[in-house]
Amino acid sequence: MGIITDLFFAIGDICKWTFEHLLSPLGVIFGWTFTFIGIGLLGWWLKNLASFGNDNEKKYDGI
């Protein structure tokens with residue numbers, strides 16, 4: 001094999017190692033982080049939705 005082919009194999013091995021050892025764990029970490037952020041934002045939105053009510057509830061005087 002020539003030196004150019006060896007360089008291509010080296011670059012391919014570096015990309016494979018990076019994907020297996022760096023990108024996969026980072027993807028899992030970011031995935032769970034965004035999941036918890038999304039759950040928190042959904043809870044915040046539901047809390048605000050319940051506290052605002054709709055127009056009929058705001059006009060109700062208890063009569």
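The basis for the numbers below is simple: all heavy atoms, side chains too, and nothing from hydrogens, waters or symmetry mates.
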Could you go through residues 7-17 and list every donor-acceptor pair under 3.5 Å that involves a side-chain atom there, pairing it with any protein atom two or more places apart or in another chain?
unit_1 : atom_1 : unit_2 : atom_2 : d
W17    : NE1    : H21    : ND1    : 3.2

Examine L22 and I29 and state if one hydrophobic cluster contains both, with Ile, Leu, Val, Met, Phe, Trp and Tyr joined whenever side-chain heavy atoms are less than 4.5 Å apart.
no

For F36, what residues pass the ring-ring contact (aromatic ring centres under 6.0 Å, His included) criterion, not counting sequence neighbours?
W32

Other ILVMFWY residues reachable from L23 by side-chain steps of under 4.5 Å
F19

Whichever hydrophobic residues join F34 through chains of side-chain contacts under 4.5 Å
L26, F30, I37, L41

Looking at I4, I want to see if its CD1 is surrounded by more than 12 non-hydrogen atoms of other residues, nucleotides or ligands under 6.0 Å.
no

Supply the atom-to-atom distance L49 CG to L46 CG, rounded to the nearest 0.5 angstrom.
6.5 Å

